[in-house]
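Take this structure, written in structure tokens, and hold onto it; I'll ask about it next.
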Amino acid sequence: MDYQFAAIEQKWQKFWAENHTFKADSSSTKPKYYVLDMFPYPSGAGLHVGHPLGYIASDIFSRYKRLKGFNVLHPMGYDSFGLPAEQYAIQTGQHPAITTEANIATYRRQLDQIGFSFDWSREVRTSEPGYYKWTQWIFMQLFNSWYNLETDKAEDITTLIEKFNSAGSADVKAVCDEDVRSFLPSDWATFTTEEKQVELLKYRLTYLKESTVNWCPALGTVLANDEVKDGFSERGGYPVEQKKMMQWSMRISAYAERLLQGLNTIDWPEPVKEMQRNWIGKSVGASVKFAVDNSQLAIDETENSKLKTENYIEVFTTRVDTIFGVSFIVLAPEHELVQALTTETQKESIANYIAQTKKKSELDRMADTKTVSGAFTGSYVINPVNNELVPIWIADYVLAGYGTGAVMGVPSGDQRDWLFAKHFDLPIIQILDGQKDIEVEADPTKEGSYINSDFINNLGYKEATSYLNHWLEREGVGKAKVNYRMRDAIFGRQRYWGEPIPVYFKDGLPYLIKEEELPLLLPEIDKYLPTESGEPPLGRATDWSYEDQYEYELSTMPGWAGSSWYWYRYMDAQNNCDFAAKEAIAYWKDVDLYIGGSEHATGHLLYSRFWNKFLKDLGYVNEEEPFKKLINQGMIVGESAFAHSIGFNIGEDKSIDFLTEEWEAFERITEKYRFISGKFLSYDIVEILLKQHINPISEKEIEQDKKRKELFDFYTKSLYEELKNASLLDKVVVLPFINSYKIHVPIDYVNSKNEIDVLSLKQKDPRFYEAEFISENSVFRCSREVEKMSKSKFNVVNPDVLIENYGADTLRMYEMFLGPLEQSKPWNTNGIEGVFKFLRKFWRLFHNEEWNFHVEDSIPTKAELKALHKIIKKVQDDVERFSFNTSVSSFMIAVNELTDLKCKNRQVLEDLVIVLSPYAPHICEELWSLLGNTDLSNTSYPKFNPAYLEEAEFAYPISINGKMKMNLSLSLSLDEAQATETVLANEQVKGYLEGKTPKKIIFVKGKIVNIVV
RNA sequence: GCUCGGAUGGUGGAACUGGUAGACACGCAGGACUUAAAAUCCUGUGCCCUCAACAGGCGUGCGGGUUCGAUUCCCGCUCCGAGUACCA
């Protein structure tokens, strides 16, 4: 029988499901291998051809590892909490759980028909109570933990309480809020329960913090940063304002250093690691306190309590060695001391400046990095190293959120400071003899020795830095300090479709519910909108309170909560007593291979590492890093198609006055022809119209311009007629440019030659019912552009159609054949025929002319064994380095070779089936069973024997001066002297040498002969 | 601006440690089979010169360098993509 892919694929998918072929065993003696895909959010649109790319790669890898004797865990699940389902619920009133369920069903159907070897018995869904119970449980562990800097790990909060009991706050070295209190053990004993809770909250790894959110009053909701564009909501365009709210935060900053160091131990793509490094943003430097000079300042006794107790400005610098070059201090306009530091005379200019910066949107502030702006407060600090007075300025180039929100200005060494100093005429002090041209720009060099720097004069960079750090610390005015850019992560969302936070409030303080009360179920509500008073949707739930009296936390967890630990749940997905059993975690340990998109580089992948480290600190898991190896699959982008329409511009002759009716006619015609709607031009015409040569030189260009002129005249004919009828012809000029407009055309109506099936399009797409399509010959062309696949761009390719036409095995191989896994590429089906033909050819190897199954039990020939072992080696090399596209080509070569050899040998073909089976599992299972075998998935990968590839001779390329001229077959047993002798004796070689004597002969055994003359 | 990728025929791509550039596939052209079409099979296919063959020249974004030999290594640039953004 011919290759009946549909029947074969259904048969084996059913077989795998019924026999639980891919169920992973958590107590095997085989070595484990954990292959994980980033689980999808089940969107309503279903899978498009881009989604399975990574899944196919990981599936090939899993199946290959299984053949290589590993116990493979390869699970799949759904990240099923999320915004789109909630948005849909708001629009339709449909409960998100119902749409989510339906979407998951579609995903599952689509995934199943591609033939993945997932162990579905371990499926997880983050929105299932049985799953989010454990997400809530982890939240509780975080709430009950603090970060001890002495042990450098998280500990149970009870160890902190013990320290408070025995020694007060003095001994505690913790990552905590800035406003923690200092107290003695005796004080702690007198604290009320509430006071104790308030204090402990400042240490907990998840805690309440006042944060600003994007509040949109019109939508009555909080928006994420990417839902806000230029101060307006992306949806609807309503104004968005900054609102302060108490929000749950995660003290991820406690793990900054470990998250940074851990990157050196994992095999991840360098760009992802680099992004995480930047995100963490470690800088090593010093913090320095500059005492405020009070003599200039009339301190208001009532207002400036902070300035009274801490009479200094603290700055962070990475170049403490330049401290003698400080000629000003700059505070962020939002700095808390700005008001107190402003002298009477400067009040107005400071107020103006702050008002001005507030007006500037975030975007302006980022884009506008060239203009220097700032204002002088009128007061001064004293530089601790030389007691000189230094003016205090404010400027918006200093960010309130980084470091201390204050910098020391060293114009000779920092270009931004230099620009600031030049602009406001502040001194530029040279501090290193190595600095050059500091009148032209700053020179940040560290070379040379210090000058103008008192006690560090003549020292070099390293000595000076270390000396100053010690000096500052001894004087009590500063110390060496490491600063991180990474901020604590906000953990609350004012949304419905997420995990409820297992917290209730008593007297305004948060308390955890009891562990045995988990899961805290998501309550039913009438509408998925905020309450009238602006509370999150959970505020609508009725009869929803803790012990019938305490209000629950109303925000839910963010999207990343459920995905920050899911790989552990797969290890033991059905467990009701633990998030996963200790034994399962001990066996599976960590993820050996993780495949997913690079868009999760700093979100999911950073939070997951954080939670993993935390769980390890508490002893629940064993590995410091969760994902040993990471691969980013490239995006498959779509090729959008566009139909073009055009328009013309008319210019008026300014010297002539129009009559009123002429004006009206002019405006009417202008409007009509500016964009000719409903008329589309084939792209080949548009192309000619758009290309005009300013200075046509070549004959070709002149010819093109002539053609363009003809077309232009033709299409402006009716325009001229209308102008003539309105007697406007002499008073206006038709500009020789055309306006080009384009509109997305669904790619289903476009063939590979970019021709649009106009008839079908006009019938099926309402946007084109009335449209007119103009082309020179009966073909209408569109233009193409590569864009992200999305419904709105009409460029989505659904795998269902391809599977129907070619089968899953072809789809799997074709997606791999497209190119390297990590590269992003546009989707087109141009080559899919070739892959399908290959599978048919492969099928035919096992069949005779009449399509009857036929193999022979003969002794394989040398050539057959060579072809086989070449592919055995190639595939194992390729798969181990994730180069899946190259093995597809090699399979084609192997099948071509064996076809040419008329190979019908059972032994050879059997091994070939095993080697191909990770790529095209259905056809291989079928042939495997036709060969009389069972259990292909648990057989072994054939052993490579290099002996079959050994050759006695090699056709050496002979090059002269590095240029390849000819091939010469030589025995591989020849040594250099023998080989060169034979080569030089060859008549053809002599011909190339033209009697010249070779200067030198390069001979590389098995590679090349190069003759230098 | 900074960081990280990338650039090879008409197209997707191959060449793994510096050793025959363009494997494999698509497309295209020609041919066989067929009343015809589809399907299938065969042949050719980087560009240029040449009627053609032989031979030759040019060719991996551009300009240089190292080397017997460079798509591969080094220096300088152009363009495209991604990330990031005044980080003190």
Side-chain angles (χ1 to χ4, degrees), chain A residues 2 269-275 277-279 281-283 285 315-320 322 329-330 332 365-372 395-399 401-410 413-417 419-420 483-486 598-599 601-602 632 634-635 637 752-753 786 813-814 817-820 822-835 837-838 840-841 874 877-878 881 883 885-896 955-967 998-1013:
Chain A
D2 197 354
E270 203 46 50
V272 176
K273 291 208 229 180
E274 196 59 29
M275 271 189 250
R277 282 191 198 105
N278 290 338
W279 192 265
K282 180 182 184 177
S283 24
V315 305
F316 175 74
T317 175
T318 52
R319 287 296 299 275
V320 70
T322 64
I329 293 280
V330 192
R365 224 168 125 165
M366 282 194 297
D368 186 15
T369 60
K370 300 253 150 49
T371 12
V372 179
D396 62 6
Y397 82 82
V398 178
L399 306 176
Y402 184 74
T404 58
V407 305
M408 55 183 221
V410 184
D414 181 283
Q415 186 58 19
R416 279 185 333 259
D417 294 345
L419 288 167
F420 194 81
N483 203 33
Y484 298 92
R485 191 175 82 115
M486 185 166 65
S598 58
E599 65 271 22
T602 48
N632 291 130
M635 214 189 344
V637 281
S752 59
K753 290 174 194 160
V786 171
M813 293 201 82
Y814 184 59
F817 187 61
L818 275 177
E822 304 196 55
Q823 219 166 286
S824 91
K825 50 230 154 193
W827 175 265
N828 66 59
T829 47
N830 289 351
I832 202 163
E833 288 283 346
V835 174
K837 274 194 248 174
F838 154 74
R840 264 191 95 200
K841 204 166 176 182
K874 178 72 176 159
D877 288 353
D878 283 354
R881 66 192 171 99
S883 173
N885 56 323
T886 48
S887 6
V888 178
S889 302
S890 305
F891 281 126
M892 292 174 174
I893 294 169
V895 167
N896 288 347
Y956 280 92
I958 311 292
S959 27
I960 311 236
N961 289 337
K963 286 211 184 296
M964 213 281 278
K965 294 291 177 188
M966 56 176 280
N967 283 98
K999 244 191 252 169
K1000 194 174 170 187
I1001 297 168
I1002 316 287
F1003 173 80
V1004 184
K1005 198 167 194 170
K1007 294 269 188 199
I1008 202 166
V1009 179
N1010 188 15
I1011 305 168
V1012 188
V1013 291

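Chain letters run A, B, ... following the sequence lines, proteins first, then strands; residues in each count from 1.
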Looking only at the side chain of A:Val1012 (C-beta and beyond, no hydrogens), which of the listed nucleotides B:G56, B:C68, B:A88 gets closest?
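Nearest nucleotide to the side chain: B:C68.
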
From the candidates B:A25, B:U40, B:A23, the one with an atom nearest any side-chain atom of A:Arg840 is B:U40

Residues that A:Lys1007 engages under side chain to side chain donor-acceptor pair (under 3.5 Å), provided they are two or more places apart
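Here no residue qualifies.
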
Identify, with sequence neighbours excluded, every residue that meets salt bridge (charged side-chain N to carboxylate O under 4.0 Å, His left out) alongside A:Asp414.
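By the salt bridge (charged side-chain N to carboxylate O under 4.0 Å, His left out) rule, A:Asp414 matches A:Arg416.
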
From B:C24, B:C4, B:G83, pick the nucleotide closest to the side chain of A:Met275?
B:G83

Taking Watson-Crick and G-U wobble contacts under 3.5 angstrom, with | marking pairs to another strand and [ ] crossing pairs, the secondary structure of RNA chain B is written (((((((..(((......[....)))((((((.......))))))(((.......)))..(((((..]....))))))))))))....

Between atom NZ in A:Lys825 and atom P in B:A7, what is the gap in whole Å?
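After rounding, the reported distance stands at 14 Å.
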
Counterpart residues, salt bridge (charged side-chain N to carboxylate O under 4.0 Å, His left out), relative to A:Lys874 (two or more places apart):
A:Asp878

I need a per-nucleotide contact map over nucleotides 15-21 of chain B, read 5' to 3'. Cutoff is protein heavy atoms under 4.0 Å; write B for the base, S for backbone only, - otherwise.
SB--BB-

If the condition is side chain to side chain donor-acceptor pair (under 3.5 Å), which residues does A:Glu599 pass it with, not counting sequence neighbours?
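If we apply the side chain to side chain donor-acceptor pair (under 3.5 Å) test to A:Glu599, skipping adjacent residues, there are no hits.
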
List the residues meeting side chain to side chain donor-acceptor pair (under 3.5 Å) with A:Asn896, not counting sequence neighbours, and say none if there are none.
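Only A:Lys841 meet the side chain to side chain donor-acceptor pair (under 3.5 Å) criterion with A:Asn896.
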
Where the side chain of A:Tyr402 is concerned, which of B:C87, B:G13, B:C24 is the nearest nucleotide?
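Nearest nucleotide to the side chain: B:C87.
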
Should we say atom CH2 of A:Trp279 is surrounded by more than 12 heavy atoms from elsewhere, each under 6.0 Å from it?
no

For A:Arg485, all residues meeting salt bridge (charged side-chain N to carboxylate O under 4.0 Å, His left out), sequence neighbours excluded:
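Residues passing salt bridge (charged side-chain N to carboxylate O under 4.0 Å, His left out) with A:Arg485: none at all.
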
Under the ring-ring contact (aromatic ring centres under 6.0 Å, His included) test, which residues partner A:Phe420, sequence neighbours left out?
A:Phe328, A:Trp393, A:Tyr397, A:Phe424

Among the nucleotides B:C26, B:C86, B:G12, which one has an atom lying closest to any side-chain atom of A:Asn830?
B:C26

Please confirm whether the shortest side-chain N or O distance from A:Lys837 to OP1 or OP2 of B:C26 is below 4.0 Å.
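Yes.
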
Just checking A:Pro820: base, sugar-phosphate only, or nothing, at a heavy-atom cut-off of under 4.0 Å?
sugar-phosphate

